[in-house]
Amino acid sequence: MADETSIKVSAATRDRLAALASEQGTTIRQLVEELAEGQPTQAEYAERAEQARAELASILGTVPSEEAEAKARGLLERLGARQDPAAA
C-alpha cells in the first residue's frame with residue numbers, strides 16, 4: 001500500500017464524510033482522494049491557461065488580449081455559477 005497519513009477533522013465533519021461516502025457507496029478515504037485529485041492546484045490552472053494560450057496562438061496566429069481573456073474568464077465563471085445548484 002502507498003504511503004499513508006491521517007488528517008484531523010472535527011467529529012461533525014467526520015460524520016458528514018461518512019454519510020456522504022455511504023450514500024455514494026464508497027469510503028471516506030476514496031471520497032477525500034477523489035476530491036483532492038479532482039481539484040487542480042493554482043500551478044495546474046496556470047499551466048492549463050498557458051497551454052490554451054499556445055493553442056489559440058497556433059490556430060489564430062495571435063494570442064488573445066488581456067481584455068479578451070478577462071471577458072472569457074467572466075463568461076466561464078457565470079456559466080459555472082448557473083450550473084452550481086448552491087449558487088441559484
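Minimum interatomic distance between E44 and Q39 (heavy atoms only, all atoms of both residues): OE1-O, 4.2 Å.
At a threshold of 4.5 Å between side-chain heavy atoms, the hydrophobic network of Ile, Leu, Val, Met, Phe, Trp and Tyr places L35 and V32 in two separate groups.
L56 CG to Q51 CD: the interatomic distance, rounded to the nearest 0.5 Å, is 12.0 Å. Considering CD of E34 and OG1 of T27, their distance stands at 8.5 Å, rounded to 0.5 Å.
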**Prompt:** Would E69 and R73 count as a salt bridge (Lys or Arg N to Asp or Glu O under 4.0 Å) if you check the C-alpha gap in whole Å, the side-chain angles of each, and the deciding distance to 0.1 Å?
**Reply:** CA-CA 6 Å; E69 283 190 37; R73 191 174 299 109; 3.7 Å; yes
Show every donor-acceptor pair shorter than 3.5 Å between a side-chain atom in residues 11-26 and any protein atom, with sequence neighbours excluded, or say none if there are none.
{"unit_1": "T13", "atom_1": "OG1", "unit_2": "S10", "atom_2": "OG", "d": "3.0"}
{"unit_1": "T26", "atom_1": "OG1", "unit_2": "Q30", "atom_2": "OE1", "d": "2.5"}

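By the neighbour-count criterion of 12 heavy atoms within 6.0 Å, atom CD of E66 is sparsely surrounded, having that number or fewer from other residues, nucleotides or ligands.
In the hydrophobic clustering, where aliphatic and aromatic side chains (Ile, Leu, Val, Met, Phe, Trp, Tyr) are joined below 4.5 Å either directly or transitively, V63 stands alone.
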